[in-house]
Amino acid sequence: MSFSDRIRAELKRAALSIGAPEDVEPLLERPRDPTLADWASNIAMVLARPLRRKPAEIAVAIRDNVNLANAGVDRIEIAGPGFLNFRLDPVAVAATVRDIVAGNENYGRASDGGNAPVVVEFVSANPTGPLHVGHGRQAALGDAISSLLEWTGWNVSREFYYNDAGVQIDNLELSVRAHIDAKGGEAVIPAGGYHGDYVREIALRFDGAMDEGVREFAVRMLRAEQDLDMQAFGVKFDTYYLESSLYTHGKVQQAVDRLIENGQTYESDGALWLRTVEYGDDKDRVMRKRDGTFTYFVPDVAYHLTKWERGFTRAINVQGADHHGTTTRVRAGLRALDLGIPEGYPEYVLHQLVTVVKNGEEVKISKRAGSYVTVRDLIDWVGRDAVRFFFLMRKGDSPLIFDVDLARRQSDENPVYYLQMAHARMSGIFRVGEIDASQMDISSVDLSALTEPEEQALIKQLIDFPAEVRGAAAALEPHRITSYALETARLAHQWYHKHHVLGEPEPIMSARLALARAAQIVIRNTLHLLGIAAPERM
RNA sequence: GCGCGCGUAGCUCAGCUGGAUAGAGCGUCGGCCUCCGGAGCCGAAGGUCGUGGGUUCGAAUCCCGCCGCGCGCACCA
C-alpha cells in the first residue's frame, strides 16, 4: 500500500468521524510546488458546504483526528484557503527503495484487469500498399496501449484485421495488370487504381508461370512487406483476421439474419436499412444496397461480433480520426443484435492524422498518387526508438507534425537519447564499479543515508510509477508515460551530476548504489512499456 | 449546415477526471568539463491559456455563444 493510499484511507476515516457524508472520497495530489508539501488534500474545502463550517475549521478538526504515523507522514500543515499539506518522513521515503529493487521488472505492475481478455485492434491496413506514417502512429499507440493493459493485469490479444477481398483489392489487381501489359513501358492505371512505384515492382516480379494469379501474388507480396515493416518496428501481432473469412464462414449473413429477425431493419427504395437512429445515429443506414451487396459497415459489425463471441468482453480499436464516422453505426449494429453487448463496445482510441514535413514542405500522403513516406522510411532515417518515442510523446487527440529533417538533424539532441542516456548512466555506475546489479542484495543496506534533496526528489518520483501506469492504462494514454519517463530521467541526471556513488564512505555508497539500481529499474520499465530499447551503454 | 477533435512561451507540446505563483523540450542569452560518460548540469529572458459570458471558495480544466484550424458527414471502403 502506497503512502498516498494510506493517507487517503486515514483521511476518509477522520472525515467520517466529524460527520462527513458517507460517499466522501478524499482527493490527494502532488502540489505543483514541491516545497509546499509531498501530498496535499482539498478535503476541508470540499466538506465546507455539506458540513456548513469554514474550511479552516474543518482542516483543524481533521488534522487533530488523523493518525498518520505509520503512513510515513512527518508533518501536517494547514495552508492557503484550507489545504491539508502532508510532508513525508525522509527515512520512510528512502525505505521504499527496497520495495522498488525487490519488485525489479515487475515494479509498477498491477492486477486491476483480473486477467480478463481484451482485444486491441490496430494498424489493420489493407494489403494495397506499404504502411504509411499514420499506420506508424497506430502501431506505436496500439502496442503501447497493449503493454499498459498487460501491466495492469489484462490478458491482451493484439489483432490485425484486413480486407483481402473488396473493391480496393480489385483495383490493386487491375493496377498491377496494367503494368504487366505495358511490359515496362508507360502503364495506364485505371481510375481508382494505385500509382505507387511498388505496383510496378510487383508487376516486374510476377511470373505468369506461377501457380497463383496476379491478385493473390500482389496481396501476398504486400502482406509480406507490411509484416517486415512491423517487424522492423518491433510490433508483434497475436492474430490476423481476414475480412474474407467473415463471408466464407457465413458470419456476415448470420449477423444480417439476426438483425432482420430482431425487427431492426426495413426495406425502402429497394435497399435494406438498419434502424441506427434507435441507437443514437443521426440517420438510418443502408445495410444492403440495391445491387444486393452489403455496405462496408455490415462486415464490420459481423467482425466485431466475432470479437465478442471469441470471449473478448472488452475490445479496443486504435484508428485514425477519419474513421470516427463509423463508430456510432458499428456500435448501433452490435446493440441491435440484442446479444448483451454493452453500449460502449468496442472502445475507440482515435488519433488525429500525421503530417510529414520534409525539406520544409508538406509531403502529401496518398496511396493513389504514389507519393508518400512509409513507416520504413522513418525508421531508416531516425531509428525505431526515436520514431516510437515521437509518436508516443503527444496525445492522440492532437494532430502530429513529423518534421523529418528536424528529427534527423537533431538526432543527437533527441529526447529519446536523453532518456536512454539516463538508463545508460545508471548502468554505467555498476559497470565501472564491477558490480552485478541484478545480484545485488540490499536487504541490510541502511537506506536512511539517502537524505540529499536530489535523492529525496528522485525517490518520490520513483514511488509514483505504479500510479502513473495505472492512470495511463485507465485513460488509454501512453503519452503520460513518455512525460513521466522524461521527468524521471531529468531527476536521475540531476542526482547523478551532483552526487557521486562509487568511492563514497559507507553507508552512503551502498545506499546510493541501491538508489541507482531503483532508478535504473524504473527507467528501464518505462522504456519497455513504450517499446523502446534500454541500452546499458551508448 | 450538422457531428467529433483542437486553439497554452518564438517553435513543438504537457498540464494527471476544478486547486496554491502556468510547465517541459527546442530556439535565444549567460555560466559549469582533474570527476561513476558533457548525448550532461545550473541560470536568465519569454504568457491576456483564441475570445466573450456563466457555474463557485477557486477555472487552462466544467457549461453556453462567437472566431480560427483539422477530420468526418454516399446505396465508397
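We name chains A, B, ... by the order of the sequence lines, and we start the count at 1 in each one.
Rounded to whole Å, the C1' atom of B/C13 lies 30 Å from the corresponding atom of B/C73. Annotation: B/G23 and B/G43 have their P atoms spaced 14 Å apart (nearest Å). B/U8 and B/G52 are spaced 16 Å apart, taking the P atom of each and rounding to whole Å. Straight-line distance between the P atoms of B/G10 and B/G47: roughly 7 Å, to the nearest whole Å. On the C1' atoms, B/C49 is 5 Å away from B/A60, given to the nearest whole Å. A distance of about 48 Å separates the P atoms of B/G3 and B/C41, rounded to the whole Å. Atom name C1', nucleotides B/G25 and B/G15: the rounded distance is 15 Å, in whole Å. Rounded to a whole angstrom, the distance from the C1' atom of B/G18 to that of B/C62 is 8 Å.
Using a 5.5 Å limit on the distance between ring centres and a 30° limit on the angle between planes, the aromatic ring of A/F83 counts as stacked on the six-membered base ring of B/A20. Residue ring and nucleobase are not stacked for A/H500 and B/C35 under a centre distance beneath 5.5 angstrom and an angle between planes beneath 30°.
If you check every strand for non-hydrogen atoms under 4.0 Å, A/V167 touches nothing. As judged by a 4.0 angstrom heavy-atom cut-off over every strand, A/D269 is placed among the base-contacting residues. At the heavy-atom level, A/G471 lies nowhere under 4.0 Å from the strands shown. Nucleic acid contact class of A/R431 (heavy atoms, under 4.0 Å, all strands): base. Contact annotation for A/N42: base contact, defined as any heavy-atom pair under 4.0 Å involving a base atom.
An OP1 or OP2 oxygen of B/G5 is reached within less than 4.0 angstrom by no side-chain nitrogen or oxygen of A/Y348. One finds no side-chain N or O of A/R425 lying less than 4.0 angstrom from the OP1 or OP2 phosphate oxygen of B/C36. Remark: A/Q168 is not in phosphate contact with B/C76, judged by side-chain N or O atoms under 4.0 Å from OP1 or OP2. Proximity of A/R394 to the phosphate of B/C13: a side-chain N or O atom is located under 4.0 Å from OP1 or OP2. Put simply, A/K395 has a side-chain N or O that comes within less than 4.0 Å of OP1 or OP2 on B/G15. Residue A/K289 has a polar side-chain atom (N or O) positioned under 4.0 Å from OP1 or OP2 of B/C76. Residue A/H479 has a polar side-chain atom (N or O) positioned under 4.0 Å from OP1 or OP2 of B/G15. Listed pair A/S398 / B/A14 meets the phosphate criterion, a side-chain N or O lying under 4.0 Å from OP1 or OP2.
Closest approach to the A/N126 side chain among B/G72, B/U56, B/A77 is made by B/A77 (side chain taken as heavy atoms from C-beta onward). Of the listed nucleotides (B/A77, B/A20, B/C57), B/A20 has the atom at the smallest distance from the side chain of A/N85. For A/Y496, the listed nucleotide lying nearest its side chain is B/G38; candidates were B/A14, B/G72, B/G38. Taking only side-chain atoms of A/P31, from C-beta outward, the nucleotide of B/G19, B/A20, B/C75 with the closest atom is B/A20. The side chain of A/W273 lies closest to B/C75 when the candidates are B/C42, B/C75, B/G72. Checked against B/C57, B/G40, B/C6, the side chain of A/M45 finds its nearest nucleotide in B/C57. When distances run from any side-chain atom of A/K283 to the nucleotides B/C73, B/G5, B/G40, the shortest one goes to B/C73. Closest to the A/A271 side chain, of the nucleotides B/C75, B/C36, B/G19, is B/C75. Of all nucleotides listed (B/A20, B/A77, B/G40), B/A20 comes nearest to the side chain of A/A40.
Put simply, the side chain of A/H497 and the base of B/G38 share no donor and acceptor less than 3.5 Å apart. Judged by distance alone, with hydrogens and angles left aside, A/Y296 brings a side-chain donor or acceptor within reach of the base of B/A77, the pair sitting under 3.5 Å.
Geometrically, A/R223 engages A/Y162 in a cation-pi contact, judged by NZ or CZ lying under 6.0 Å from the ring centre and within 45° of the ring axis. Because its NZ or CZ atom is not both nearer than 6.0 Å to the ring centre of A/F3 and within 45° of the ring axis, A/R8 does not count as a cation-pi partner of that residue.
Looking at A/K498 and A/E454, a side-chain N of the basic residue comes within less than 4.0 Å of a carboxylate O on the acidic one, giving a salt bridge. For A/R394 and A/E477, the salt-bridge test fails: no basic side-chain N is under 4.0 Å from an acidic carboxylate O. Using a 4.0 Å cut-off between charged nitrogen and carboxylate oxygen, A/K460 and A/D38 count as a salt-bridge pair. A salt bridge links A/D282 with A/R285: the closest approach of a Lys/Arg side-chain nitrogen to an acidic carboxylate oxygen falls below 4.0 angstrom.
Pair assignment for B/C32: B/G40, on the basis of Watson-Crick or G-U wobble contacts that are both within less than 3.5 Å. In this entry B/G18 has no Watson-Crick or G-U wobble partner, no candidate having both defining distances under 3.5 Å. Within the shown strands, B/C13 is the pairing partner of B/G23 under the Watson-Crick or G-U definition, both distances less than 3.5 Å. Figure legend. B/G1 is base-paired to B/C73; pairs are counted as Watson-Crick or G-U wobble with both atom distances under 3.5 Å. Pairing partner, B/A45: none, since no Watson-Crick or wobble contact has both distances short of 3.5 Å. Base pairing annotation: B/G7 forms a Watson-Crick or G-U wobble pair with B/C67, both donor-acceptor distances under 3.5 Å.
Atom-to-atom distance recorded for A/E121:CD and A/K307:NZ is 4.0 Å, nearest 0.5 angstrom. The line from CZ of A/R388 to CG of A/L141 is 10.5 Å long, rounded to the nearest 0.5 Å.
One can place CD of A/E29 at 10 Å from C1' of B/A20, the figure rounded to the nearest angstrom. As rounded to whole Å, 18 Å separates atom P of B/C16 from atom OH of A/Y484. Taking atom CD1 on A/I401 and atom C1' on B/C11, their separation rounds to 10 Å, with Å as the unit. Counting to the nearest Å, the P atom of B/C16 and the CD atom of A/E477 are 9 Å from each other. Taking atom CD of A/Q494 as the reference point, atom P of B/G38 lies 15 Å away to the nearest angstrom. A/D282 places its CG atom 7 Å from the C1' atom of B/C2, with the value rounded to the nearest Å. Between the C1' atom of B/G19 and the CG atom of A/L28 lies a distance of 13 Å, rounded to the nearest Å.
Base orientation of B/C41: anti, the glycosidic angle falling outside 90° of 0.
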Checking A/N163 against A/Q168 for the side chain to side chain contact (heavy atoms under 4.5 Å, CB included) test, could you report, in this order, the C-alpha distance in whole Å, the side-chain angles of both residues, the deciding distance, and whether it holds?
CA-CA 9 Å; A/N163 178 354; A/Q168 298 195 19; 5.8 Å; no
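For the side-chain hydrogen bond (donor to acceptor under 3.5 Å, both in side chains) criterion with A/T488, the lone passing option out of A/E468, A/Q461, A/H423 is A/Q461.
Nearer to the 5' terminus of RNA chain B, by closest-nucleotide assignment, is the contact made by A/L27 (compared with the other of A/L27 and A/E487). Of the two residues contacting RNA chain B, namely A/L400 and A/R537, the nearest-nucleotide position lying further toward the 5' end is that of A/L400.
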